[in-house]
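Just passing along the structure, written as structure tokens.
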Amino acid sequence: TVHGKDVEKFYVFEALKNSSLDHNAFNSARWIKNEAKRIRDHRDEVISQHRFLVSSLKDDRYSFSSILDFGGSLGTASYALDEAFKDRKFNYTVLETTEVCKEGKGIHSENSAVFVDSIDKIKNKIDVVYLRTSLQYAPSWKNTILSLCELSPSILIFDHLSAGKVTTTRLVQNYYGSKIPYWVISSDEMIDILSDAGYECSDIKKCQDFSREMFDPDIPEESRIDYTVRFTAVRKTDENK
């Protein structure tokens, strides 16, 4: 209460209601400008955010010549990859919205990063699919996973995924005044879908804590996660199918 008036408590995540949702928050000039500034002013921090991608690809079991970064913003993972694999040649493709692709092409105009706004525009063979803090914003996360698996990558790398031992639920995230659709995904359901598509998942590891105070009380307990997760899904060979 402030000066005798009740103040509505702010929650990062709300239950999905009939409120007007913003499906284009990450296309906004403000968000793109902030991302470009982050790349320019905090390059070391940007590189460190992709540690799991780098460590996964340094495993000698996996060779790669092409990477698809799903929802990869302005291609921030490229800086970590270029630093970690200086002596290796590979293709790096970012699948993003049209507006983000336009800005990304300008930032990466002097290197080989490719930006596409549709999965249908991906023509080259994909060895690695990387999803960091992106699948939870997809309109249909299941269809997205199935479409990515149809590219037949050797490995899918998930980082900062909002998943766990929960009931799959669509929530609303409050983001700079916008209300964005946001999935909390059942890890069991995710693993089943990947397995049916021919992929074997590694153990799921904790990534970033989520405070319970971030969730609106209207969200059922079984739809709340305590942290984001990271794991890999490797395509099964004839020997281990």
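Numbering starts at 1 and runs along the sequence shown.
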(request) Indicate the ring-plane relationship of Trp183 and Trp141, choosing parallel, tilted or perpendicular according to the 30° and 60° boundaries. (result)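 Taking Trp141 first and then Trp183, their aromatic rings stand perpendicular (interplane angle over 60°).
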(request) Establish, yes or no, whether a centroid distance under 6.0 Å links the rings of Tyr79 and His108. (result)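 Centroid separation for Tyr79 and His108: below 6.0 Å.
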(message) Can you give me the closest heavy-atom contact between Thr144 and Ala138, atom names plus distance?
(response)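 Scanning both residues, the minimum pair turns out to be OG1-CB, 3.6 Å.
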(request) Kindly assign one of parallel, tilted or perpendicular to the pair Tyr182 and Phe13, based on the angle between their ring planes and the thresholds 30° and 60°. (result)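 Ring orientation of Tyr182 relative to Phe13: tilted.
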(request) For the residue pair Arg170 and Gln136, confirm or rule out a side-chain donor-acceptor distance under 3.5 Å. (result)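 No pair is found: no donor N or O on one side chain lies under 3.5 Å from an acceptor on the other.
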(request) Could you tell me which non-hydrogen atom of His50 sits nearest to which non-hydrogen atom of Thr76, and how far apart they are? (result)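 So the two residues come closest at NE2-OG1, 2.9 Å.
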(request) Flag yes if more than 12 heavy atoms outside Arg43 fall under 6.0 Å of its CZ atom; otherwise flag no. (result)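 Enclosed: over 12 neighbouring heavy atoms sit under 6.0 Å from CZ of Arg43.
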(request) Look at Glu222 together with Lys165 and state whether they make a salt bridge at an N to O cut-off of under 4.0 Å. (result)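 Judged by the 4.0 Å cut-off on N to carboxylate O distance, Glu222 and Lys165 do not form a salt bridge.
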(request) Compute whether any side-chain donor of one residue and acceptor of the other, for Thr228 and Gln208, lie under 3.5 angstrom apart. (result)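 Their side chains do not contain a donor-acceptor pair, so the 3.5 Å distance test is not met.
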(message) Please confirm whether the ring centroid of Phe64 lies under 6.0 Å from the ring centroid of Phe85.
(response)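 Between Phe64 and Phe85, the centre distance is under 6.0 Å.
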(message) Under a plain distance cut-off of 3.5 Å, with no hydrogens placed, do Thr168 and Ser186 share a side-chain donor-acceptor pair?
(response)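 No, Thr168 and Ser186 have no side-chain donor paired with an acceptor closer than 3.5 Å.
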(request) Please say whether the positively charged group of Lys206, taken as NZ for Lys or CZ for Arg, lies over the ring of Tyr227, i.e. under 6.0 angstrom from the six-membered ring centre and within 45 degrees of the axis. (result)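 That pair qualifies as a cation-pi contact.
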(message) Test your reading of the model: is there a side-chain donor-acceptor pair from Ser56 to the backbone of Phe52, 3.5 Å cut-off?
(response)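 Between the backbone of Phe52 and the side chain of Ser56 there is a qualifying donor-acceptor contact (under 3.5 Å).
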(message) Using salt bridge (charged side-chain N to carboxylate O under 4.0 Å, His left out), reason through Lys17 and Asp218 one step at a time and then give a plain yes or no.
(response) CA-CA 10 Å; Lys17 300 175 183 177; Asp218 288 342; 3.1 Å; yes
(message) Assigning hydrophobic clusters by single linkage (Ile, Leu, Val, Met, Phe, Trp, Tyr; side-chain heavy-atom cutoff under 4.5 Å), is Met214 placed with Val166?
(response)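 Yes, one cluster joins them.
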(request) Validate the cation-pi geometry between Arg230 and Phe158: distance from NZ or CZ to the six-membered ring centre under 6.0 Å, angle to the ring axis within 45°. (result)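 No; the conditions do not both hold, so Arg230 does not lie above the ring face of Phe158.
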(message) Side chains of Ser154 and Asp127 only: does a donor on one sit below 3.5 Å from an acceptor on the other?
(response)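 Their side chains do not contain a donor-acceptor pair, so the 3.5 Å distance test is not met.
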(message) Does this structure show an ion pair linking Glu200 with Arg235, if we count only N-O contacts that are shorter than 4.0 Å?
(response)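 Arg235 and Glu200: not salt-bridged.
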(request) Quick one: pull up CG in Leu148 and CG in Leu68 and give me the separation to the nearest 0.5 Å. (result)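 If we round to the nearest 0.5 Å, Leu148:CG and Leu68:CG are 6.5 Å apart.
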(request) Would you please say whether a donor-acceptor pair under 3.5 Å links the side chains of Tyr11 and Glu213? (result)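 No, no side-chain donor-acceptor pair sits under 3.5 Å.
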(request) Decide whether Asp117 and Thr98 meet the rule of one side-chain donor and one side-chain acceptor closer than 3.5 Å. (result)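 There is such a pair between these side chains.
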(request) Run the salt-bridge test on Lys102 and Glu99 with the 4.0 Å N-O cut-off and return the result as yes or no. (result)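 The answer is no: the pair does not qualify as a salt bridge.
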(message) On a heavy-atom basis, which atom in Leu95 and which in Ile119 lie closest, and how many Å separate them?
(response)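 Smallest interatomic distance, heavy atoms only, reads CD1-N, 3.7 Å.
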